[in-house]
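Since the structure comes first, as structure tokens, the remarks are kept for the end.
The analysis underlying the following values was restricted to heavy atoms, covering all of them including side chains, and did not include hydrogens, waters or symmetry mates. Quick note on labels: first sequence line is chain A, next is B, and so on, each numbered from 1. The shown structure was predicted, so the numbers you read here are calculated from the model rather than taken from an experiment.
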Amino acid sequence: MSIVADHLSWGVRRKAIVKDVSLRVTDGETLGLIGPNGSGKSSLLRLLAGLKRPHRGRVTIHGKDIAAIQRRELAQSVAFVQQNAATETSVSVRDVVRLGRTPHRSALSGWRAADQAAVDGALARVGMTHLQHQSWLTLSGGERQRVHIARALAQSPTVLFLDEPTNHLDIHHQIEILQTVRQLNVTSIVALHDLNLAAMFCDRIIVLKDGALVASGTPETVLTEDLIANVFRVATAVSPSPHHGRPQIHFHAGI
Amino acid sequence: MNTTKTLGLLGCLIPALTAGPALAAPTSYPLEIENCGETVTFEKAPERAVALGQNSAEIMLLLGLEDRMAATAFWPNNVLPELEDANDRVKLLTVEFPTLEAVLQQNPDFVAAMLTTLMGPDSKVAKRGDFEDLGIPTYLAPSACSTTLDAGDAYGSRDQLWNMDLLYKEIDDLARIFDVQARGEAVIADFKAREAALREKFPEDDNLTFLFWFSSASAADDAYLGGGNGPSGFIADLLGGRNALDTKAEWPTLNWEGIMAADPKVIVATQVDRNRWDLDKAENKIAFLESDPTVSQMDAVQNGRIVVMSGAAMNPSIRTLYGAEEIAKQLEAIDRAQ
Amino acid sequence: MKTATQMSAGLRLVLLVAVSALVLLGAVAVATAIGEYNIPVRTVFLTVTNHLGLTSADVPKIEASVVWNLRLSRSLVAALCGAGLAICGAILQALLRNPLAEPFVLGVSAGASTGAVSVLVLGIGAGAVSLSFGAFVGAFAAFALVALLSNGATSGPNHTILAGVAASQLFNALTAYIVTTSASAQQARSVMFWLLGSFGGVRWPQFYLLAIVLVVSLAICVLMARALDAFTFGDEDAAALGIPVARTRLILFAVTALMTATIVSQVGAIGFVGLVVPHAARYVVGPVHMRLLPASALLGAVFMVIADIASRVLVSQQTIPIGVVTALVGVPFFAIILYRARPQA
């Protein structure tokens, strides 16, 4: 079991945003996290990654309670890719990816072969080696997202969290990125908006509604017309795709 | 006989030679002076003195020391007319704050300063040590060191009316340093007499209030006035009156509505020599007072009780007394006319 | 094994350091040799070597004092202040993720003015306390207020900047209030002059104080240079990279406040250096802080020494306020950088 979450609860002021969520993620699986806006996806993701502390409940990664681990130690195996991380500084692609080695380097340690290998490998993985000297500011949205993923990969993580990594991207890039994530040998938890992409690329899917977990399982078991109507308030027809065998969701216009 | 005549002549001459203030004793060097918390030693009377600050310079000129002054600096106002000739014989470094290098280049053997901003621990120009370490004695005006040394002292405290005592001490100290005691005592006696004369000529008058108008950026802006227990309060008191503004602040600003409400008996329009604002000039102040439809309704303006005074008098210095005399002369003329 | 750009950035740093160090040495030499007092170069040289114990020649006392106690200490202090302000600017620009951030954005200089005025006008400390000490305390009071309002500077860059604005306004108002109600004309003028920023009042004691504070602070900042880089994409990103965000921010802000407060309390507020120099340094060596901080320090030192020389010799018999010189030089320089670095459409 890579990740185990027990009765996680969290809220802001008096509003509960994540309500008593428990889940398990197996080693190497790609878990999709879906739900409408405001369902608590982003917050749950951050609770699982240790970026927020739950009011109640706990998270263990590889058997260790993350609340008891130092931030730096956690970052050596857990990486997080934000939705729209931006900067105005003219950093080079290479410098951005090198940031991923931060948890592995102490204040004054030099640049080691292992660091270099991680960075080179990460850049190659996302296909950005040819642009590594360019300024991050000159990249397109898709390229930027790939660089962020490369940075996360440079952390040599065993667990990877991605918060809606495909927003604002061309469909070509969306599929490319999700394919990359799926092929990685790490446990991945991906928050997604697009139900069809979730169906195509995730081993299992978790559905959140109003902060509570309402379904968990394979895409086939979770993505039913009833659930979709209940959670997403839209009428659909769901059938196995003749191309990839996974569920294909057809949306009905109007009711 | 010739011897008797010679003795007789000598007998007449001796009293003549020794005539003069019987109190004036020559300085014996080395002279030690307590000054602002330091003991300063003078091996001889200075011959190349540098005066940092108008008041220090004017006192030295009053003591007739222009030939023993190497240079002066920092003149916020024009020099006293009666000292102009003497001052012309002394080199002027700058009317602004000088640089330490410029001062040292004069090869001084004595440096006197008017403000701690010119010479002091927090000064950006010079510290006393800069000169003392080179064997050059220094002197800081007593009125300048009060706030930093003794919180209850005359200048730092706003609770007592300013007076000329610290100035007299300064004149006395400088006279001793330069070994011109006679002259120093004469100057002090003269000032004291003039002070007394004013007090006598102007008995206390409860109705006499003064408004000291220093300057304004423009007619519509708040006016910079003199107030509190500073020099303007002293001048008003000398002339038997008081400041029309009942404030402790020394440099209050007030709009014309407030000034009209204070309804001063006499308005003092100062002549400030710096040329920054139109209203620095006394004549422009008077023009405004007489032409503005609202302000000209003031009782003082209607009755022509506007007097002019040099802005230098608003700084605590010997010019304060001169300023009081300036006003006194004009007040007398007004009274005679009415 | 480093790639071409890696080496190029490192090489650029080495070149910058070498050139700056030489220029700095030259600038300090020039600053020691020229000034209002006309001193022959031979005297200047011998004075320095005398003090270093290399010679024992006979030099006129006044001239030797001018060279060693006035000019040399002054130019070295200028170098230290330039370096310190530039580093503070670089750090704040990274922490606040705002290219317009500069050392005085957190109200430190406004606090210093209130502290100085309290000592000078209100007589706080009863004469036992110097203006500089009062200014330092005031500066730290302002920092404490900003830290309180911004929750240890963790409430986000914009919020922190607003807290800095609030502190600046508050302390500036306090200063104005004290000056208006309690100060004599002399005192008001002294305060203005003191605050304007000037190296005229520095001697060797100021150098020692600044040297200690700045060297220690620089060491701490260099140790945290990696952490600074991690803030490139924001606080959350930095946390995800393993940086203890709250602690790091607080330490860096505190060190910046310490450096700025020390500088302001000794020489007043000198603008533009902290804003412009980090951008210039970034233009040459890039944004990675392990290179940016040393580069900023050196460039800042050179800039300030040259600016101080200019302020002393441009107008005879007068010293132009150093803040005016840094602005006059800084603005066109800044304009060139902005123009060169404008994003291509």
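Across all non-hydrogen atoms, the minimal contact from A:Ala75 to C:Ala240 is CB-O, 3.4 Å. Here the closest heavy-atom approach between residue C:Ala239 and residue A:Leu51 is recorded as CB-CD2, 3.8 Å.
Of the two parts of A:Ala86, only the backbone, made up of N, CA, C and O, holds a non-hydrogen atom closer than 4.5 Å to a non-hydrogen atom of chain C. Looking at A:Ser106, the atoms closer than 4.5 Å to chain C (heavy atoms on both sides) all sit in the backbone: N, CA, C or O. Only the backbone of A:Val78 comes within contact range of chain C, judged by heavy atoms closer than 4.5 Å. C:Met224 does not touch chain A: none of its heavy atoms, backbone or side chain, sits under 4.5 Å away.
Residues A:Val96 and C:Thr232 form no side-chain contact, since every pair of their non-hydrogen atoms from C-beta on lies 4.5 Å or further apart. Side-chain contact between C:Arg282 and A:Thr89: present, with at least one pair of heavy atoms (C-beta onward) separated by less than 4.5 Å. Within the 4.5 Å cutoff, side-chain heavy atoms of C:Glu236 are placed close to those of A:Gln82.
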Stepwise side-chain contact (heavy atoms from CB on, under 4.5 Å) test for C:Leu241 and A:Arg72: CA-CA 7 Å; C:Leu241 287 171; A:Arg72 183 160 160 240; over 6 Å; no

Worked check of side-chain contact (heavy atoms from CB on, under 4.5 Å) between A:Arg98 and C:Asp229: CA-CA 10 Å; A:Arg98 280 169 60 111; C:Asp229 286 332; over 6 Å; no

Working for side-chain contact (heavy atoms from CB on, under 4.5 Å), residues A:Thr102 and C:Ile243: CA-CA 8 Å; A:Thr102 308; C:Ile243 305 292; 3.9 Å; yes

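Other residues, nucleotides and ligands contribute at most 12 non-hydrogen atoms within 6.0 Å of the CZ atom of C:Phe333. Residue-environment remark: NE2 (A:His55) exceeds the threshold of 12 foreign heavy atoms within 6.0 Å.
Per-residue counts of heavy-atom pairs under 4.5 Å with chain C were compared for A:Gln76, A:His104, A:Arg46; the largest is that of A:Arg46.
Rounded to the nearest 0.5 angstrom, C:Arg97 CZ and A:Glu88 CD are separated by 8.0 Å.
For the pair C:Asp237 and A:Arg151, the salt-bridge criterion is met [side-chain N within less than 4.0 Å of a carboxylate O].
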